[in-house]
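All values below were derived from every heavy atom in this structure, side-chain atoms included, with hydrogens, water molecules and symmetry-related copies excluded. Throughout, a chain's letter reflects where its sequence line sits, starting with A, and its residues are numbered from 1.
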Amino acid sequence: MTRYNFKESEARWQDVWLENRCFSVSDIEDGPKYYVLEMFPYPSGRIHMGHVRNYTLGDLVARYKKARGYKVLHPMGWDAFGLPAENAAIANNIPPAEWTEQNISAMRQQLKSMGLSYDWDREIATCHPNYYKHEQKMFLDFLGAGLAYRKEAWVNWDPIEQTVLANEQVIDGRGWRSGALVEQKRLSQWFLKITDYSEDLLSSLEELDRWPERVRLMQENWIGRSEGMRLRFEIEGREERLEVFSTRADTIFGATFCAISPNHSISSELSPKNPELAAFIEDCNRLGTSEAAIETAEKRGIDTGLRIKHPFLPTKTLPLFVANFVLMEYGTGAIFGCPAHDQRDLDFARKYNLDVIPVVAPKEADPNTFIIGEVAYLEDGIHINSGFLNGLSIVDARAIVATRLEEAGIGTREVNYRLRDWGVSRQRYWGCPIPVITCDACGIVPVPEENLPVELPQEVCFEKPGNPLEHHPTWKKVDCPACGAPAERETDTFDTFFESSWYFARFCSPNSENGIDAAAMAYWMPVDQYIGGIEHAVLHLLYSRFFTRALQKCGYLDMAEPFSGLMTQGMVCHETYQDESGEWLFPEEVHQNDAGENVTVENGLPVTIGRSVKMSKSRKNVVDPEEIISTYGADTARLFMLSDSPPDRDLDWTEAGIEGAWRYVNRLWRMVSEPHIPLIEAGLPTPTDMGENAAAAHRAIHKTIAAVSDDLDRFHFNKVVARIRELTNMLEGLLPEEAGAGWVYRDGLEVVIRLIAPMMPHLAEEMWQALGQEVLVANTTWPVFEPDLLEEEMVTLAVQVNGKLRGTLEVAKDLDQNNVELAALNIDAVVKLLDGRDPRKIIYVPNKIVNIVV
RNA sequence: GCCCAGGUGGCGGAAUUGGUAGACGCGCUGGCUUCAGGUGCCAGUGGCCGCAAGGUCGUGGAAGUUCGAGUCUUCUCCUGGGCACCA
């Protein structure tokens, strides 16, 4: 028995595809196009199983669409800027550029060994000046269009990475990479005006009907639209008004205090004269809002002594507090507190003994005795204690109070969003330099276009902490482009999400002089199918949607949405292993002894098996793709990635699973190398005489083509594998002596090969060649089914009595009710159950069931 | 706390509009091949009762609609994920 020699075969077919330029396309092609893109990797040095899954999925789609006649753009590149390169530079004394290039070469080799259908001529790396010079130009255009600005702001500071983080990069109050508790720091930073597009980014989500619902929902929540009112209250003894935002202006009669953020202008104004307040503000800023949330989130505040006039109650004034739970970044940085109907306000009121006045009571409650305990009342009800709002529901009261406030000129209806502008400055070396210059006389001056790119210096020193660009002896020293006086370059670089926000556009014309070529864009964009991890639901995927809109505004392209279809793949998981001391163990350090117990390979000590979780180096539950590919081949690894779980669900990596895939690969190979029915020559006409099995298999072939095509279109890849396995089982069961079996066997093989080709391309080519075919499978079209063969002449009817299955009937398709009833009532089990009684009713669903009701 | 997604054999998972639950695979059991392991081949494999034929229960739990519910409705439990002082 022969084994499939994947080592020899896979390398050979990879060369053949390359020589034949099977997957190369031009910047502009004719006919229908399909752009398949997988999220490009960070060049860490080695691929992991998550990459293997991602690229297997993408390759399947790309090869399938090509077979279906589309011009397919399927590129690959490197998201090459980022902090690990700097860490490597410090640890191993190797320049980031060199480290990155080495990693790229190593990973490129690994990807090539997977046999992916990339157009390698389009490869890009974002750390090349040839790439980032274009985004420097874009930034200057954004600046001109008012989409980029610099401001001093409280920012998230990661003390380990020594850099600023965007809100999207702070997870549970910690840096998304370093895990360090994020601090608040006031810095002058560059921002992109993503908030200009809040409404557009939100409302357009509706049209992204080929995106997963949950990603759209996550973006919706992140953008966080809320409708409310901006109110202007008089402050006793002051000219200026206090502006607050509220979604519950209907509860205005329940207001018993006002509160402002520690970073509000009034707080800053009062603090120099009030040491207690100054200390409180400092305390709040040191902790930061996010860390406060991690701890018990105790509400605290300081009374400013100022009094706020109630808009509808002339005699009533409210104390003004500086409070730690009021965020400067949301709304106006000030609120009115209505403790009865807001839990935070209630907690605060109880702590500082403020009044709690209920203004909405449940319908069934007695308004005179309704009181608030420790839980604020948030439900709908009837307004009480509220003057002209008494008796109204929340919705009605909200409308009436809004009109009254507007008429009085102290309120405006307003929509607020949670989304903040995107801070893009990073105090790092290994990123794209921000192309501006600071001049004492002229202020901030953009680098003139003809001086782009602003290139990173090669010689840098990582010995001092902080940003090497900052301590570089010469790099930042430059003459002001405006006045010629000595000036300084901006030493911050862009957030690396800047690069990934437009790389999909660059892939359409990677060698064009322009960063984005309008004609290539018009042909290839948008990306028809984008595939990647769910972790980018509100990071990269939101930034890219904004960036595309910004580029549209600046005339680079003419579309708003970059990705018309999105598939988010699940994680690759593996069991975890720990020895007696709780140390994690690699899978290869564990085996089963003769007694079937799990023990360490080294000295047979007991091992506890933990549940399957995402593969990660820290838990050591990782399997190296290179190891797998060299043991079983790329096709086996690819098959396993597709066969066990639907793509959007987590996949458990198991040794048994990969072994099973490997056995199937060999089984397929033997179907052509050692066929149990001699292979007949190609292209013979369909035999007129076929045995029963052969005819059934012939129909099965066509049903499989139909089902597999449908499942591929719907991304049900695990079902695709199941269907093809079913067909191969059937072909293997064909009897050699039966009429037509030889023809059906060969026909079935040809179909199977073309169906597996997008999943196991090397094996498909090898089998195809063994059948004597001359054209590559990669250049062959998708098989076509004959609709006539999908129809069966006989169907199996389920026969039920009172809804319970009691037997089946083999009948002609579309048999009429009378004949079906006759046959059904004759079944032994039915006769027995009826016991002489007449059925009350008989329900017949043609070709499916007949249900006899007694 | 709020918002999602999901609970189906020992395991991963199938099951168009409500219409034969468990496709396909893994694992397991028995047999053949083999010096042996592996591979390969044949048979079996949801639980319970039964030698069998067959019966009976069965899609997290409870109720409901229906001739018929994994699928629809209500309540409830559990798991995973996202957001989280957003006024």
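Regarding contacts with the backbone of B:G82, every side-chain N or O of A:Arg214 stays at 4.0 angstrom or more from both OP1 and OP2. For the OP1/OP2 pair of B:G25 and a distance below 4.0 Å, the side-chain nitrogens and oxygens of A:Asn729 include at least one atom meeting the criterion. A close approach under 4.0 Å does not occur between any side-chain nitrogen or oxygen of A:Ser643 and OP1 or OP2 of B:C24. Of the side-chain N and O atoms in A:Lys832, none sit less than 4.0 angstrom from OP1 or OP2 of B:G55. OP1 or OP2 of B:G68 has not a single side-chain nitrogen or oxygen of A:Asn802 nearer than 4.0 Å.
Residue A:Glu655 contributes atom CD, which lies 16 Å from atom C1' of B:G25 at whole-angstrom precision. What separates CE of A:Met571 from P of B:A5 is a distance of 18 Å, to the nearest Å. Rounded to a whole Å, the CD atom of A:Glu414 is 12 Å from the P atom of B:A87. Following rounding to the nearest Å, A:Leu542 (CG) and B:G82 (P) show an atom-to-atom distance of 17 Å. If you measure from atom CZ of A:Arg725 to atom P of B:G13, you get 16 Å, rounded to the nearest angstrom. Regarding A:Glu659, its CD atom lies at a distance of 13 Å from the C1' atom of B:G37, rounded to whole Å. Nucleotide B:C67 holds its C1' atom 13 Å from the CD atom of A:Glu821, rounded to whole Å. Rounded to whole Å, the distance from CD on A:Glu213 to P on B:G6 is 11 Å.
One can find a donor-acceptor pair under 3.5 Å joining the base of B:U17 and the side-chain atoms of A:Lys848. No hydrogens or angles were tested; on distance alone, nothing pairs the side chain of A:Lys719 with the base of B:C24 as donor and acceptor under 3.5 Å.
Of all nucleotides listed (B:C57, B:U20, B:A14), B:U20 comes nearest to the side chain of A:Thr796. Which of B:G82, B:G13, B:C67 sits closest to the side chain of A:Lys841 comes down to B:C67. Closest to the side chain of A:Ala722, out of B:A87, B:A23, B:C3, is B:A23. The side chain of A:Trp222 approaches B:A84 more closely than any other nucleotide in the set B:U20, B:A14, B:A84. For A:Ala656, taking side-chain heavy atoms from C-beta onward, the closest of the listed nucleotides B:G27, B:G13, B:C3 is B:G27.
Under the 30°/60° scheme for interplanar angles, the aromatic rings of A:Tyr4 and A:Phe6 are found to be tilted. Between A:Phe348 and A:Tyr352, the ring planes are tilted. Angles from 30° to 60° get that label.
The pair A:Asp283-A:Arg300 meets the salt-bridge criterion, with a side-chain N (NZ, NE, NH1 or NH2) lying under 4.0 Å from an Asp/Glu carboxylate O. Using a cut-off of 4.0 Å between Lys/Arg side-chain N and Asp/Glu carboxylate O, A:Asp710 and A:Arg714 are scored as salt-bridged.
Cation-pi geometry between A:Arg3 and A:Trp669 is not met at under 6.0 angstrom from the ring centre and within 45 degrees of the axis. Judged by the 6.0 Å distance and 45° axis criteria, A:Arg725 is positioned over the aromatic ring of A:Tyr664.
Between A:Trp653 and A:Phe640, a ring centre-to-centre spacing shorter than 6.0 Å is recorded.
Rounded to the nearest Å, the gap between the P atom of B:C26 and that of B:C35 is 27 Å. As rounded to the nearest Å, B:U34 and B:G13 have C1' atoms that lie 35 Å from one another. Rounded to whole Å, the separation between the P atoms of B:G46 and B:U39 comes to 23 Å. If you take atom P in B:G7 and the same atom in B:A14, they sit 9 Å apart, rounded to whole Å. To the nearest whole angstrom, the two C1' atoms, one in B:A5 and one in B:A87, are 29 Å apart. Taking atom C1' in both B:C57 and B:G1, one finds a spacing of 41 Å when rounded to whole Å. Only the P atoms considered, B:U8 is 11 Å distant from B:U59, to the nearest whole Å. To the nearest whole angstrom, the two C1' atoms, one in B:G47 and one in B:G64, are 27 Å apart.
Here A:Thr808 lies in heavy-atom contact (under 4.0 Å) with a base. Residue A:Arg225 is out of contact with every strand shown, counting any heavy-atom pair closer than 4.0 Å. Among the atoms of the strands shown, base atoms are found under 4.0 Å from some heavy atom of A:Gln800. Among the heavy atoms of the strands, none lies under 4.0 Å from A:Asp347. Among the heavy atoms of the strands lying under 4.0 Å from A:Asn851 is at least one base atom, whether or not backbone atoms are also near. As judged by a 4.0 angstrom heavy-atom cut-off over every strand, A:Thr654 is placed among residues making no nucleic acid contact. Among the heavy atoms of the strands lying under 4.0 Å from A:Arg418 is at least one base atom, whether or not backbone atoms are also near. Within 4.0 Å (heavy atoms only), A:Arg649 reaches sugar-phosphate atoms of the nucleic acid but no base atom. Residue contacts shown for A:Ile843 include a base, since a base heavy atom lies under 4.0 Å away. At the heavy-atom level, A:Arg723 lies nowhere under 4.0 Å from the strands shown.
Between A:Leu651 and A:Tyr330, the residue anchored closer to the 5' end of RNA chain B is A:Leu651, taking for each the nucleotide with the nearest heavy atom. When the nearest nucleotides of RNA chain B are assigned to A:Glu726 and A:Asp652 by heavy-atom distance, the more 5′-ward of the two goes with A:Asp652.
Side-chain N/O atoms of A:Glu575 and A:Ser612 include no donor and acceptor closer than 3.5 Å. With hydrogens and angles left out, the side-chain atoms of A:Arg649 and A:Gln569 include no donor and acceptor closer than 3.5 Å.
Taking a pair as Watson-Crick or G-U wobble with both distances under 3.5 Å, the runs of three or more consecutive pairs in RNA chain B are B:1-7 with B:77-83, B:10-12 with B:24-26, B:27-32 with B:40-45, B:46-49 with B:54-57, B:60-64 with B:72-76.
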Would A:Arg225 and A:Glu220 satisfy salt bridge (Lys or Arg N to Asp or Glu O under 4.0 Å), going step by step from the backbone distance to the final call? CA-CA 8 Å; A:Arg225 183 183 203 272; A:Glu220 192 180 315; over 6 Å; no

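The glycosidic torsion of B:G38 lies more than 90° away from 0, which places this base in the anti conformation.
Annotation: side-chain contact (heavy atoms from CB on, under 4.5 Å) contacts of A:Ser386 (sequence neighbours excluded): A:Phe253, A:Val359, A:His383, A:Leu389, A:Asn390.
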